[in-house]
Amino acid sequence: MAITSRSTATGRSGKVTASGVEVVQRRNVPGAVLTYAGVVLICLWGLLPFYWMIVTSFRDVGFTFDTTPWPTHVTLENYSTAFSTARGNHFGRALLNSVVIGVVTTVVGLVVGVFTAYALARLEFRGKFYVLGLILGASMFPGVALVTPLFQLFTNIGWINTYQALIIPDISFILPLTVYTLTAFFTEMPWELEESARMDGCTPGQAFRKVILPLAAPGIFTTAILAFTAAWNEFLLASQLGGDKVQPVTVAIASFAGAQPHQEPYTAVMAAGTIVTVPLIIMVLVFQRRIVSGLTAGGVKS
């Protein structure tokens with residue numbers, strides 16, 4: 001029995017059964033057009049501000065408010081101004097500070113989050129769901145309410161303008177994210193593989209290290225990117241608890257000084273924003289397959 005299919009220019013496709021009856025399937029052309037139009041509109045809505053930031057970053061200071069939608073009066077002076085220390089803009093040091101804060105926060109948050117999520121997903125104990133609910137509830141606590149008590153605490157112990165004053169609060173912010181994401185991932189993991197490793201003579205630690213962690217790598221990788229991005233973008237606490245020596249790029253850009261008093265250096269700010277944003281976009285584009293696999297993996301496949 002042969003089945004053939006035909007399509008016409010009117011947007012119809014058909015299948016001919018063994019009895020010679022053609023079953024016509026109509027394509028929803030207007031719906032598809034609306035779908036693609038919506039996708040294009042959302043992409044333009046999200047990318048146009050970033051595009052305008054790049055265009056402004058290459059524009060001469062005298063033409064800052066030029067509304068031409070493509071690059072004009074192109075110059076690289078704005079990027080040199082962003083890294084210049086003559087006006088007190090320590091952008092290069094701020095980049096290094098952000099990397100240190102983001103990496104340390106992500107590593108510590110992942111180590112604690114992995115073991116916590118594994119315990120919540122694998123072990124059965126009374127009040128387990130209350131613990132997870134408490135962790136999620138902590139993430140909803142407004143950060144602005146923590147500024148005053150943390151400032152007073154860190155002042156008393158001499159931590160103001162230190163890395164630990166910025167890293168420890170960031171860890172507390174990303175822990176709910178890492179624990180919740182990894183708990184959902186570990187819950188859907190096939191535990192039969194761990195039990196098989198235990199039967200083959202592995203200790204619980206060896207089974208976790210040699211079986212569970214490799215399987216959880218996509219989820220851990222995805223969580224690490226989300227945690228690093230959250231630590232990289234933090235501004236509120238960093239602006240109050242850190243000084244010139246440890247301030248991250250978010251605070252450094254907000255405190256940029258212009259060539260003249262009371263002048264807002266828009267083009268230099270746009271150049272710094274481009275430098276800060278482009279590496280994150282490249283990282284996401286390079287590792288997008290790992291991110292997607294991390295968000296969708298973890299289930300038992302039949």
Side-chain angles (χ1 to χ4, degrees), residues 96 98-140 163-164 166-234 248 279-302:
L96 179 60
S98 288
V99 172
V100 172
I101 294 171
V103 170
V104 175
T105 301
T106 302
V107 172
V108 176
L110 279 181
V111 171
V112 178
V114 165
F115 288 107
T116 304
Y118 177 82
L120 291 173
R122 188 72 174 96
L123 304 179
E124 293 294 336
F125 56 92
R126 182 175 299 179
K128 179 174 71 171
F129 295 102
Y130 292 104
V131 173
L132 184 59
L134 182 63
I135 294 175
L136 293 178
S139 65
M140 294 183 287
Y163 282 117
Q164 57 266 30
L166 305 182
I167 293 174
I168 292 179
D170 285 351
I171 293 174
S172 67
F173 290 151
I174 70 168
L175 271 180
L177 170 67
T178 58
V179 171
Y180 181 74
T181 304
L182 292 176
T183 298
F185 187 85
F186 281 132
T187 301
E188 298 181 354
M189 185 171 293
W191 299 109
E192 294 83 0
L193 296 177
E194 182 184 11
E195 295 175 357
S196 300
R198 295 286 301 277
M199 294 178 62
D200 290 339
C202 288
T203 63
Q206 290 175 334
F208 177 78
R209 178 170 54 88
K210 296 181 179 181
V211 177
I212 299 301
L213 283 184
L215 289 176
I220 295 175
F221 190 87
T222 302
T223 307
I225 292 179
L226 298 177
F228 181 83
T229 303
W232 182 272
N233 293 330
E234 203 284 320
L280 293 178
I281 295 177
I282 293 176
M283 181 178 64
V284 172
L285 292 177
V286 170
F287 299 109
Q288 60 178 334
R289 291 187 179 181
R290 290 181 176 270
I291 296 175
V292 173
S293 64
L295 293 174
T296 57
V300 179
K301 299 180 181 180
S302 58

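All values below were derived from every heavy atom in this structure, side-chain atoms included, with hydrogens, water molecules and symmetry-related copies excluded.
Scanning both residues, Tyr118 and Phe186, for their nearest heavy atoms gives N-CD1, 3.7 Å. Closest of all the heavy-atom pairs between Phe185 and Ala216 is CE2-CA, 3.3 Å.
In terms of modelled atom types and a separation under 3.5 Å, the side chain of Ser172 and the main chain of Pro169 share a donor-acceptor contact.
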Listing, residues 223-231 side-chain donor-acceptor contacts under 3.5 Å, not counting sequence neighbours, or none:
unit_1: Thr223; atom_1: OG1; unit_2: Gly219; atom_2: O; d: 2.8
unit_1: Thr229; atom_1: OG1; unit_2: Ile225; atom_2: O; d: 2.8

Return all side-chain donor-acceptor pairs below 3.5 angstrom for residues 195-215, not counting sequence neighbours, or 'none' if the list is empty.
unit_1: Ser196; atom_1: OG; unit_2: Glu192; atom_2: O; d: 2.9
unit_1: Thr203; atom_1: OG1; unit_2: Gln206; atom_2: N; d: 3.2
unit_1: Gln206; atom_1: OE1; unit_2: Thr203; atom_2: N; d: 3.1

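Scanning for side-chain hydrogen bond (donor to acceptor under 3.5 Å, both in side chains) contacts around Arg122 gives Glu194, with sequence neighbours left out. Checked against side chain to side chain contact (heavy atoms under 4.5 Å, CB included), Ile135 has the following partners two or more places apart in sequence or in another chain: Thr116, Leu120, Val131, Pro176, Val179. Take Leu175 and apply the side chain to side chain contact (heavy atoms under 4.5 Å, CB included) test, not counting sequence neighbours, and it matches Val112, Ile171, Thr178.
Pairs of residues two or more places apart, or lying in two chains, never qualify as salt bridge (charged side-chain N to carboxylate O under 4.0 Å, His left out) while including a residue from residues 99-114.
For the pair Trp232 and Val99, the minimum side-chain heavy-atom distance is below 4.5 Å.
Within 6.0 Å of the CZ atom in Phe125, the count of heavy atoms belonging to other residues, nucleotides or ligands exceeds 12.
Rounded to the nearest 0.5 Å, atoms CG (Leu193) and CH2 (Trp191) are 10.5 Å apart. How far CD1 of Ile101 is from OG1 of Thr106: 11.0 Å, rounded to the nearest 0.5 Å.
Between Val107 and the choices Val103, Val104, Leu110, the side-chain contact (heavy atoms from CB on, under 4.5 Å) rule is met once, by Val103.
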